[in-house]
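Here is the structure we will look at, set down as structure tokens.
These numbers come from the heavy atoms of this one structure, side chains and all, not from hydrogens, waters or symmetry mates. Just follow the structure's listing: the first ligand is 1, and inside any ligand the first atom is 1.
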Amino acid sequence: MPSPAVGARVVVPLGSRTVTGVVVGLPAAADLSGPDLKLVRQVLDHDAFIPVDVLELAQWTAEYYGAGPGETIAAVLPPKARGTRADAHKTVRMAAATAAGIEALAGGAALTPRQREAMALLAGAPAGLPTPVLAARGIGADLVGRLARKHLVSLRRERVDRDPFLTAPSGRPPDDPNRPLTDEQARALDRLSRLAAAGEFRVALLQGVTGSGKTEVYVRLANAVRDAGRRVLMLVPEIALTPAIWWIFRHVFGERVAIQHSGLSDGERHDQWQQIRRGEIDVVVGTRSAVFAPLPDVGLIVVDEEHDASYKQEESPRYNGRDVAIVRGQRAGALVVLGSATPSLESSYNARAGRYERVVLERRVLERPLAAVSVVDMREEYADVGPDVVLSRALIGAVAARLERGEQSLVLLNRRGFATSVFCRQCSGTLECPNCSVSLVVHGEGAARRGRCHYCNYSVRVPAACPSCAGPYLEQAGFGTERVEAEVKRACPGARVARLDRDAVRHKGALGRLLTRFRDGDIDVLVGTQMIAKGHDFPRVTFVGVVSADVGLGMADFRASERTFQLLTQVAGRAGRGERPGEAVIQTIFPTHYSIQLACRQDYESFYERELTFRRAMRYPPLVSLVNVVVRSRTFAGAMGDAADIAQSLRQGSRDAFQILGPAPAPLGRLRGEYRAQLLVKGTNRKRMREAVQSAIAGRSDLARRTIVDIDPLNVL
Ligand code: ADP
Ligand code: ZN
């Protein structure tokens, strides 16, 4: 048997099982002896299944983040690639726009309004839409049949895995691809194109205020890179942002654009993966895992909203998609563009140190002003109106004014549920999760009220009497998005109010549908968590209200100020992106906190200076690197004892090269029934820190299983 290629899949025995693996290297023939060697049962691919560069990137990722190479490579493979047979599924008829159909739509061919509507919908769905979904939108089989006979639509049968509506279009008409750039955009494009044309690795930070037209710069830059014969990876932080970005790229690149993210059905994802692998795709739009897309000859990688915490995977392998993108760019000799209105401290620091090129867009397109932001000091509001106020008079007045003018509002509160806790007036006990050290959050109202744990999902009916003292006076405290939604409805009867948070979009496809309804103007006020703040472009939103801007400031995380500043600046940036100017009202009980004040002025530079001074004084990133170590155990003493062992071993090995904080009970001291102790390792030599932690748990496989090692953590709670 000839040797399989590196990157090929092979079937091998593992213990008593037979599994599919990937060839990562071929030892010299002389080394092929010894009792532990097993014969490969079957070679599944003639050539590499995973391209060798992607395989090596996965191995780099595994090593850097201290993860297993097996689990990392598995995360890079498309679904179903490991030979597991999918269950029998039912099938559905899928309709998709053909290339001729897209052209007919763009070229203004003779189509009836209903045909045009159908084509616009289909042009926005890469893998097509199931005919029942079309029927639900009033596009019946006869209409689809007519379009198919004109060869504008193709029909096929596909297995149903998940709700395919997730990839449905945003409904927004494409921008004119030939409209003139602003001077700033043109200058930015010119500099970036030159960097890309050099064909060498370079990182550029594109710092552009919200609404400065960064997307337009990405598209034109991608076009230049494609014309030079290379390919483009376009990363966005959220699945919900992919359809809109994909739609924009689709109009420039036609069918040579693919989507990669975990919300696609296995079938769709697999098909697109294969197309990318075969070189049929020029642009891949996707979330963090798309950084491993099997795209040959990458010349440009864009990481949009690079500061966003969603780029970090919070389970093993705990990689940061932005940082892996930079490594991929380095290996491919590509330009990496990090885009944001509020760059991470890390990226700004690198830019100022000259490691990254810095390209700035200071103004919004077409002289549109940034939103005018004002602050409401809620302590005064409580004094004037009462202690139970949720929405200030200023916020309600602003929403009401929008309703009169037929404009839209966003209202942000970064906390889910109706009330944040339930307590007993008699014994002052609170309703807590039996598995985690947190209080239960109340969801729903009246008889349907339930207390739910936001960490382990434990849920219980809110009892009528206190479970510990039987006292009859149970009260609710604090409030979340459900309460805000109810308050907006109460204050503005007749308004069409909807809520966007993880609870509201639990079902696949719900998020896309909600965003489409909002964009189509079927919703007046959208209440939500940080999900409403991210990158969306809703031209009819002219008001943004923030309820409790300080939610995140109470957290014991050194990035609390940075997150608050970013969230407030980003959400204020959602207002006034269309022709009418925007306004924002921020409610807070800390009106003088620098992250709130500077977000109101949208003054990133001052925020950066201020925050960097704090990080320097406290020795936090970007001035040092961190490794977060969390030990889990069934008992508190067990967790603390094991963490102390690791700390001792680290202290012995550190020779002052790094510093160890802890062990201490983790801020979330108990989770899913396990106690958690934490160590934070700080230093400048990340590799040494990682190796020291690995050697402290080496040889203790039980402890290793219970220990979470997070390199460059974003979340230290
Ligand atoms: P950012 O990502 O920087 O916040 P977007 O790329 O979403 O901003 O652009 C904001 C809005 O400005 C979008 O509606 C976009 O269509 C529009 N836009 C971008 N460039 C131009 C331009 N050169 N002329 C007119 N409108 C533009
Ligand atoms: Zn819990």
Side-chain angles (χ1 to χ4, degrees), residues 170 172-189 205-222 234-238 241 244-245 247-249 251-252 302-308 337-343 359-371 417 421 430-441 450-460 519 533-542 544 566 569-582 602 604 668-676:
S170 63
R172 163 175 151 185
D175 291 324
D176 170 11
N178 298 315
R179 69 182 168 192
L181 293 180
T182 64
D183 288 350
E184 269 193 334
Q185 282 175 318
R187 274 198 302 277
L189 178 64
L205 177 62
L206 177 60
Q207 186 178 337
V209 297
T210 54
S212 57
K214 293 184 284 295
T215 315
E216 188 82 30
V217 174
Y218 303 148
V219 172
R220 304 223 190 181
L221 183 61
M234 173 78 215
L235 303 183
V236 295
E238 288 282 326
L241 292 170
I245 296 283
W247 175 244
I248 293 170
F249 274 88
H251 280 271
V252 179
V302 176
V303 184
D304 193 24
E305 312 290 355
E306 67 84 29
H307 64 278
D308 199 295
V337 176
L338 309 180
S340 179
T342 52
V359 181
V360 181
L361 298 173
E362 283 180 350
R363 278 177 294 278
R364 282 189 162 177
V365 297
L366 307 176
E367 313 291 322
R368 285 173 193 157
L370 283 166
S421 62
T430 55
L431 219 51
E432 287 193 357
C433 176
N435 313 315
C436 311
S437 51
V438 292
S439 48
L440 297 179
V441 174
R450 292 189 78 83
R452 206 158 77 213
C453 173
H454 281 187
Y455 291 92
C456 73
N457 245 345
Y458 169 87
S459 130
V460 64
R519 192 182 294 284
K534 300 203 173 175
H536 305 289
D537 187 34
F538 300 117
R540 271 177 290 187
V541 170
T542 58
V544 168
Q566 286 165 342
T569 310
Q570 291 286 345
V571 72
R574 296 310 113 205
R577 297 167 71 87
E579 275 150 27
R580 305 213 188 154
Q602 302 179 51
Y604 178 85
L668 189 58
R670 207 162 148 254
L671 180 66
R672 293 186 194 97
E674 286 177 321
Y675 289 90
R676 293 150 50 91

Does this structure show an ion pair linking E216 with R220, if we count only N-O contacts that are shorter than 4.0 Å? yes
Is D304 salt-bridged to K214, going by a charged N under 4.0 Å from an acidic O? no
Can a donor-acceptor pair be found, under 3.5 Å and without considering hydrogens, that links the side chain of [X] to the backbone of [Y]?
X: E674; Y: L671; result: no
X: R540; Y: G578; result: no
X: Q602; Y: A371; result: yes

Are side-chain heavy atoms of R363 and R368 found at a separation under 4.5 Å? no
Side chains of H536 and L241: does their closest heavy-atom pair fall under 4.5 Å? yes
Under 4.0 Å to a heavy atom of [X] - the qualifying atoms of ligand 1, by number:
X: L181; answer: 23 (N)
X: T215; answer: 2 (O), 5 (P), 6 (O), 7 (O)
X: R577; answer: 1 (P), 4 (O), 5 (P), 7 (O), 8 (O), 10 (C)

Which of these, [options], has its nearest heavy atom closest to [atom]?
atom: atom 13 (C) of ligand 1; options: L361, T182, D537, D183; result: D537
atom: atom 17 (C) of ligand 1; options: R220, E184, R179; result: R179
atom: atom 23 (N) of ligand 1; options: E216, Q185, E305; result: Q185

Regarding R577 and T210, do their side chains bring together a donor and an acceptor under 3.5 Å, going by distance alone? no
Give a yes-or-no answer on whether the side chains of S459 and R450 include a donor-acceptor pair shorter than 3.5 Å. yes
Quick check: does C456 have an N/O/S atom under 2.8 Å of the Zn ion (ligand 2)? yes
Within-cut-off N or O pair, [X] and ligand 1, under 3.5 Å:
X: P180; result: yes
X: L366; result: no
X: S212; result: yes
X: T210; result: no
X: V365; result: no

From the options L206, L205, V217, V337, select the one residue that forms a side chain to side chain contact (heavy atoms under 4.5 Å, CB included) with V359. L206
Part of R364 with heavy atoms under 4.0 Å of ligand 1, whether side chain, backbone, both or neither: neither
Can you give the angle C453 SG - the Zn ion (ligand 2) - C433 SG, rounded to 10°? 110°
Against ligand 1, does G208 come closer than 4.0 Å with any heavy atom? no
Is V209 close enough to touch ligand 1? Criterion: a residue heavy atom under 4.0 Å from a ligand atom. yes
